[in-house]
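This is the structure I want to talk about, given as structure tokens.
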Amino acid sequence: MTSLACGSTLSLLLCAANPNNAARSLHLSSNLLPGFSHKLLTASSSSSSSKTVGVRVTRAAAQVAEAVLVDKEDKSRVLRVGVICGGPSAERGISLNSARSGEDLHVSCYYIDSHLNAFAISSAQVYSNTPSDFDFKLESLAQGFQSLSEFAEHLADSVDIVFPVIHGQFGEDGGIQELLENYNVPFVGTGSKECQQAFNKYNASVGLSKYGFVTVPSFLVQGSEVNQDELSEWFASNHLDVNSGKVVVKPTRAGSSIGVTVAYGVSDSLTKANEIISQEIDDGVLVELFLEGGSEFTAIVLDVGQGFDCQPVVLLPTEVELQFQGSGDVREKDAIFNYRRKYLPTQQVAYHTPPRFPIEVIKNIREGASLLFQRLGLRDFARIDGWFLPSSTKSLSSSEDKFGITEFGTVLFTDINMISGMEQTSFLFQQASKVGFSHSNILRSIISRACLRFPELATYSSKSSQFQKNLNSSKLNGTSKGREGFRKVFVLFGGDTSERQVSLMSGTNVWLNLQGFDDLDVTPCLLARSIDHSSNTDSDKKDAGLNSIEVWSLPYSLVLRHTTEEVLDACMEAIEPARAALTSHLRNQVMNELAEGLTKHGWFTGFDIADELPVRYSLKEWIKFAKEVEATVFIAVHGGIGEDGTLQFLMDTEGILYTGPGAMASKTCMDKVATSLALEHLKDKGVLTINKVVKKKEDLLKMPVRQTWNDLISKLQCETLCIKPARDGCSTGVARFCAEDLAVYAKALDDCLLRIPPNSFSKAHGMIEMPNPPPELLIFEPFVETDEIVLSSKTVSDKTQRLLWKEHSRWVEVTVGVIGKRGSMHSLSPSITVKETGDILSLEEKFQGGTGINLTPPPVSIISNEALGRCKQRIELIANTLQLEGFSRIDTFVNVDSGEVLIIEVNTVPGMTPSTVLIHQALAEQPPVYPHRFFRTLLDLATERVV
């Protein structure tokens with residue numbers, strides 16, 4: 001699902017940086033929030049026109065466009081960019097993320113479905129979490145093209161240049177490039193023939209060997225005609241046991257993340273190869289040696305040459321470190337850098353930029369990637385992955401004259417990615433920020449470089465100098481220095497709960513969005529347990545109290561990480577003298593190489609990210625500082641002190657403005673039992689609550705499982721139960737189970753597992769992320785059976801994806817955002833949540849771009865407008881009863897006939913990642929409210945708090 005993610009990052013910046021779009025969005029806000037004072041919204045408009053500095057990058061493609069601000073009527077001066085996302089590969093969802101990255105170029109968005117049908121889609125649709133969110137609505141909401149030829153003709157007439165962000169097949173294999181070439185449509189990136197060569201892993205490996213590079217020994221399985229004897233001979237020739245030798249099995253043409261697995265022996269290899277072929281991921285499969293004892297790396301290459309003269313510069317490479325905490329599973333220790341680890345923030349992987357390799361090895365990686373870029377005929381930018389095998393590991397049989405042989409070990413390159421992922425914290429933006437580029441600046445540089453290959457577009461590059469001047473005149477800063485005369489905003493995220501990684505995603509998204517306003521000085525801040533007080537037990541944390549909590553004020557580049565642990569490690573590295581000196585040396589070296597090429601272009605006037613250090617505070621010092629500078633705190637800390645009222649109480653005490661509900665409301669909603677008690681009197685008004693039994697973890701572990709189960713079903717009168725932490729967020733530790741599953745869950749708690757593998761219970765389910773440390777209190781509830789809603793798969797004969805509702809109970813699960821002032825909260829349009837991997841929404845389905853399906857607004861074929869209206873009235877009643885303010889999210893079951901609601905939980909600091917339903921629901925308002933304006937409205941509501 002990778003392609004959709006890229007598309008949204010590119011187009012996002014477009015809406016966020018264009019003042020006309022901002023004004024239009026503001027007008028929407030008054031419709032969105034009828035109870036708000038018009039004065040508030042008007043004031044926000046007059047004081048906060050969007051600026052052309054790295055506005056948010058929702059998932060990847062929303063970053064492509066940040067150009068010179070021009071009059072709306074003067075379209076002749078605006079470069080018209082067409083962003084194409086989607087595609088037939090399994091990575092098309094991440095392509096949507098990548099498309100959310102555009103600014104104030106004139107950006108048009110296009111989507112190609114799994115059967116290569118092309119559509120012109122609105123910028124609002126680009127923010128969909130997955131293609132399935134709108135696939136079934138494409139026929140009615142999007143402009144379809146009869147054929148790819150008609151689509152290409154449209155592009156030739158309607159855009160100046162195309163930025164393809166389709167990952168995998170048709171995007172990186174030369175398909176879309178060949179189509180554009182045939183119709184003389186300029187585009188960003190590598191040409192079709194070169195894509196075909198580099199995308200096929202087997203052909204690329206042959207090419208690398210021909211060019212003198214060390215390669216990984218491999219065997220090609222093509223179609224179903226597999227000679228088992230030949231594969232056995234290959235195993236033997238590479239000193240692998242034919243029954244247990246460990247190898248990697250991967251599609252030859254499916255990107256770097258999809259279908260990659262580990263196999264043992266010839267038989268297992270063929271079985272997994274046939275699975276890839278039968279699943280139609282690819283008809284060619286590569287069997288490779290499993291590289292033991294080495295480290296993966298990835299490097300972004302940026303071409304800074306002119307015209308067709310290539311001058312590649314390799315940015316600071318990133319080391320990929322796989323981590324295996326809390327698991328003794330051998331299969332886990334044989335893990336590879338797969339789709340889940342690449343796109344979902346967990347502690348399963350950590351990144352180090354630059355790598356912790358000898359400086360000579362880093363030099364070799366950069367030289368090799370640059371040489372490869374040239375030899376393979378790549379253009380504009382690319383991402384090249386590989387391995388460093390230290391001398392102490394088992395060496396590959398290669399001659400000494402091969403490129404990559406060093407005194408410290410062997411460097412080898414394995415994957416060529418013509419379209420790098422463009423999620424907010426992707427390698428492209430991580431590495432670019434390390435050498436002075438903001439999100440928008442690196443994308444502008446890539447587009448401007450591509451324009452130089454086309455004489456008719458060269459003039460656009462010279463016009464972007466004003467854009468660069470704007471960037472340099474208002475440097476992005478990430479430290480506490482701030483800028484005089486601007487309203488200071490601290491975006492606080494992190495914490496030490498199981499939802500801290502989602503909090504990092506939320507905070508990063510909010511920070512990038514709010515940077516689009518020229519009256520704000522926005523500083524990202526990480527809340528973390530002090531290294532001196534780090535502990536894995538609740539009792540130790542309680543003893544340490546708030547004195548053990550620190551806040552780090554972060555520079556730009558340190559925010560762009562996948563986990564809070566990684567951010568914290570990066571902070572410590574940044575202030576460690578030797579590591580800091582090495583990073584500074586390499587940064588200066590790369591920037592000098594970039595400047596040598598870029599300064600020859602009229603559109604480049606400098607870098608826009610300064611090399612700054614993080615600042616470390618105790619929590620009390622940070623709150624004092626926030627008060628001194630009169631900062632407004634945007635709280636994005638999920639769970640823990642971010643949602644239980646602690647932070648809110650501390651800020652109330654000091655008179656600091658902050659977003660979201662107050663201390664008492666937060667404390668009530670954090671406790672799921674207290675929430676039910678506060679709402680149980682609303683039964684006669686159509687608001688129902690679920691019966692609950694609370695048990696201590698220690699009681700659950702010491703009592704016989706059968707006794708516990710009998711006690712539960714006696715009290716709850718139900719044979720299928722749902723378990724969840726009593727005072728944790730909504731994303732972890734939640735599971736459906738029957739009698740035989742309770743022992744499995746209890747053992748996971750006792751073993752402090754970080755995750756329960758898929759299908760460990762009697763009922764099919766996906767991966768269950770577990771709270772760390774395990775919760776002390778657990779809630780048991782009857783499992784509520786809801787109607788199954790599925791999206792049918794498209795077929796060649798039926799190009800429309802259909803919504804199938806299997807009516808039974810007439811209850812469906814919805815989630816809905818509420819926004820406004822205390823006592824007058826407004827309900828956004830609910831979203832029906834469609835589960836893909838079981839009965840409980842997984843962490844991925846809630847927060848990871850490219851997974852999970854949300855139907856926003858609910859289709860009238862499922863719930864009528866009248867019932868939906870009654871549902872929204874009850875949601876507002878709940879919000880006002882709980883004294884919510886600012887914004888929150890309410891999860892509930894709803895009866896599709898009566899609009900009655902059965903409360904699941906209330907989240908006072910809901911997820912604010914690019915793929916959460918709050919974004920979809922704001923965009924579903926008429927007219928749509930785009931993310932940057934939505935987050936600005938939430939910020940401004942902090943000044944309207946009821947004291």
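Keep in mind the model is a prediction, meaning the values are calculated, not measured.
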Side-chain donor-acceptor distances from residues 358-374 under 3.5 Å, at least two apart:
from   : atom 1 : to     : atom 2 : distance (Å)
Arg366 : NE     : Val314 : O      : 2.8
Arg366 : NH1    : Glu593 : OE2    : 3.3
Arg366 : NH2    : Val314 : O      : 2.6
Arg366 : NH2    : Glu593 : OE1    : 2.8
Gln374 : NE2    : Ser370 : O      : 3.4

Problem set entry | From Asp608 atom CG to Ser438 atom OG, the distance as rounded to the nearest 0.5 Å | 3.5 Å
Exercise. Around atom CD of Glu456, are there more than 12 heavy atoms of other residues, nucleotides or ligands at under 6.0 Å?
Worked result: yes
For this session: Using distance alone, with no hydrogens and no angle criterion, decide if Thr190 and Arg379 have a side-chain donor and acceptor under 3.5 Å apart.
Result: no
Exercise. Once the angle between the rings of Phe427 and His562 is folded into 0 to 90°, is it parallel (under 30°), tilted (30 to 60°) or perpendicular (over 60°)?
Worked result: tilted
For this session: Please list, chain by chain and in numerical order, all residues satisfying salt bridge (Lys or Arg N to Asp or Glu O under 4.0 Å) with Glu194, sequence neighbours excluded.
Result: none
Problem set entry | Phe119 ring center within less than 6.0 Å of Tyr110 ring center | no
Problem set entry | Spatial distance of atom CD (Gln177) from atom CZ (Phe187) [nearest 0.5 Å] | 5.5 Å
Problem set entry | Interatomic distance, Ile442 atom CD1 to Leu594 atom CG [nearest 0.5 angstrom] | 7.5 Å
Problem set entry | Donor + acceptor pair across side chains of Ser192, Glu181 (<3.5 Å) | yes
Exercise. Taking only residues two or more places apart in sequence or in another chain, which ones pass side-chain contact (heavy atoms from CB on, under 4.5 Å) with Thr353?
Worked result: Leu316, Thr318, Gln430, Gln431, Lys434
For this session: Assign the ring pair His601 / Trp603 to parallel, tilted or perpendicular, where the plane angle (0 to 90°) is split at 30° and 60°.
Result: parallel
Exercise. Going from CD on Glu321 to CZ on Arg356, what distance comes out if it is rounded to the nearest 0.5 angstrom?
Worked result: 4.5 Å
For this session: State whether the number of non-hydrogen atoms from other residues, nucleotides or ligands found under 6.0 Å of Tyr202 atom OH is greater than 12.
Result: no
For this session: Output the distance between atom CD1 (Ile416) and atom CG (Leu378), rounded to the nearest 0.5 Å.
Result: 7.0 Å
